[in-house]
Amino acid sequence: MDEKIKLTETEWRVRLTPEQYRILREKGTERAFTGKYESFFEPGLYRCAACGQPLFESATKYHSGSGWPSFYAPIEPDAVEEHGDHSAFMVRTEITCSRCGSHLGHVFEDGPQPTGLRYCINSAALTFESTPERQKSDS
């Protein structure tokens with residue numbers, strides 16, 4: 001993946017909306033079923049809203065019923081990093097962007113095959129790039 005991006009908190013605040021900053025930099029979350037990409041299933045590429053790194057392809061997106069966009073695999077194994085998360089009286093695995101360290105969401109072991117994983121991602125942590133030609137070539 002691309003070189004690491006390191007910005008000051010002031011630079012992040014300028015770059016991101018207040019909601020994106022709360023989620024990406026302060027490890028916040030959206031309320032379930034409110035995110036822009038939760039029920040969105042167009043062909044394309046999902047990127048980190050903070051730095052633009054490609055994270056997920058629409059071909060790996062599925063409707064999990066959890067209330068957040070869900071994917072069964074990142075675009076590349078090194079696109080995201082995993083960290084233990086013991087907040088909110090739970091034990092979970094946090095997912096961050098490997099390029100800028102921004103919080104994306106969590107990964108759970110209750111997803112579909114072929115991976116059995118559910119990458120549960122905040123919509124505000126993502127941008128979407130329509131790539132219909134990519135989907136046609138995969139068919």
Side-chain angles (χ1 to χ4, degrees):
M1 297 275 98
D2 294 331
E3 247 182 74
K4 299 274 187 188
I5 291 180
K6 294 189 186 239
L7 300 176
T8 66
E9 292 311 304
T10 300
E11 290 170 321
W12 284 121
R13 284 186 189 278
V14 169
R15 181 180 274 209
L16 303 170
T17 68
E19 177 74 350
Q20 288 173 322
Y21 184 86
R22 183 182 70 78
I23 291 168
L24 290 158
R25 305 310 301 170
E26 296 180 332
K27 301 179 187 278
T29 192
E30 300 165 329
R31 285 180 317 168
F33 302 102
T34 63
K36 142 183 196 178
Y37 299 122
E38 193 272 330
S39 295
F40 180 85
F41 288 94
E42 298 297 320
L45 178 69
Y46 293 87
R47 295 178 175 273
C48 175
C51 72
Q53 172 168 262
L55 298 172
F56 300 96
E57 290 184 291
S58 60
T60 65
K61 189 172 190 293
Y62 70 100
H63 189 265
S64 68
S66 67
W68 290 273
S70 297
F71 304 84
Y72 63 77
I75 193 165
E76 297 289 338
D78 62 350
V80 298
E81 294 177 345
E82 296 183 6
H83 311 276
D85 178 358
H86 302 282
S87 65
F89 305 105
M90 293 183 265
V91 176
R92 302 177 290 178
T93 302
E94 176 192 17
I95 299 301
T96 60
C97 173
S98 66
R99 185 173 181 218
C100 69
S102 290
H103 172 77
L104 303 171
H106 293 87
V107 64
F108 303 94
E109 295 180 352
D110 61 359
Q113 292 305 314
T115 65
L117 299 174
R118 173 173 52 100
Y119 289 83
C120 191
I121 309 298
N122 290 288
S123 288
L126 302 170
T127 60
F128 179 77
E129 176 184 325
S130 181
T131 56
E133 65 283 350
R134 173 179 242 142
Q135 290 295 313
K136 288 177 190 167
S137 67
D138 290 344
S139 300

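Nearest heavy atom pair, residue Leu45 against residue Thr131, reads N-OG1, 3.9 Å. Taking every heavy atom of both residues into account, Ala73 and Thr60 meet most closely at O-OG1, 3.2 Å. Arg25 and Gly101 get closest at one heavy-atom pair: NH1-C, 3.9 Å.
Of the possible donor and acceptor atoms, none in the side chain of Glu38 sits under 3.5 Å from a partner among the backbone N and O of Gly35. Within the 3.5 Å criterion, the main-chain N or O of Pro43 finds no donor-acceptor partner in the side chain of Lys61. Looking only at distances, no side-chain donor or acceptor of Arg99 sits under 3.5 Å from a matching main-chain atom of Val80. Ser98 places a side-chain N or O within donor-acceptor distance of the main-chain N or O of Ala79, the cut-off being under 3.5 Å. The backbone N or O of Glu94 lies less than 3.5 Å from no partner atom in the side chain of Glu82, so there is not a single donor-acceptor pair. Panel note: side chain Ser70, backbone Trp68; a donor-acceptor pair is recorded below 3.5 Å.
For the residue pair Ser39/His63, the side-chain donor-acceptor check at 3.5 Å is not satisfied.
When hydrophobic clusters are built by joining Ile, Leu, Val, Met, Phe, Trp and Tyr residues whose side-chain heavy atoms come closer than 4.5 Å, directly or via intermediates, Tyr72 is not grouped with Leu126. Under the 4.5 Å side-chain heavy-atom criterion for Ile, Leu, Val, Met, Phe, Trp and Tyr, Tyr37 and Ile23 are members of distinct hydrophobic clusters. Under a hydrophobic clustering in which Ile, Leu, Val, Met, Phe, Trp and Tyr are joined whenever their side-chain heavy atoms come within less than 4.5 Å, directly or via other members, Ile75 and Val107 fall into different clusters.
Between atom CD1 of residue Ile121 and atom CD1 of residue Ile95 there is a gap of 6.5 Å, rounded to the nearest 0.5 Å. Between Cys100 atom SG and Arg15 atom CZ the span is 8.0 Å, to the nearest 0.5 Å. A distance of 10.5 Å separates OG1 in Thr8 from CZ in Arg13, rounded to the nearest 0.5 Å. Separating the CD atom in Glu26 from the CD atom in Gln20 is a distance of 13.0 Å, to the nearest 0.5 Å. Distance OH/Tyr46 to OG/Ser58: 6.5 Å, rounded to 0.5 Å. For the atom pair Leu24 CG and Cys48 SG, the distance stands at 6.0 Å (nearest 0.5 Å).
The number of heavy atoms from other shown groups lying within 6.0 Å of CD (Glu9) is above 12.
Inter-residue side-chain proximity for Cys120 and Phe108 is flagged as met; some heavy-atom pair is nearer than 4.5 Å. Taking 4.5 Å as the limit, every side-chain heavy atom of Cys51 sits out of range of all side-chain heavy atoms of Ser102. Two residues are said to be in side-chain contact when any heavy atoms from C-beta on lie closer than 4.5 Å; Ser123 and Glu30 meet this criterion. Between Trp12 and Ile5 there is a side-chain heavy-atom pair separated by less than 4.5 Å. Counting heavy atoms from C-beta outward, Asn122 and His103 have side chains that approach closer than 4.5 Å. Between Pro74 and Leu55 there is no side-chain heavy-atom pair separated by less than 4.5 Å.
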Could you give me the CA-CA distance, side-chain angles and deciding distance for Glu109 and Leu117, then say whether side chain to side chain contact (heavy atoms under 4.5 Å, CB included) is met?
CA-CA 5 Å; Glu109 295 180 352; Leu117 299 174; 4.0 Å; yes

Determine whether Ser66 and Arg118 satisfy the following criterion, side chain to side chain contact (heavy atoms under 4.5 Å, CB included), listing intermediate values before the conclusion.
CA-CA 10 Å; Ser66 67; Arg118 173 173 52 100; 3.6 Å; yes

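Taking the six-membered ring for Trp and the full ring otherwise, the centers of Phe56 and Phe71 sit less than 6.0 Å from each other. Under the 6.0 Å cut-off for aromatic ring centres, Phe128 and Phe40 qualify, their centroids lying closer than that.
Using a cut-off of 4.0 Å between Lys/Arg side-chain N and Asp/Glu carboxylate O, Glu57 and Arg47 are scored as not salt-bridged.
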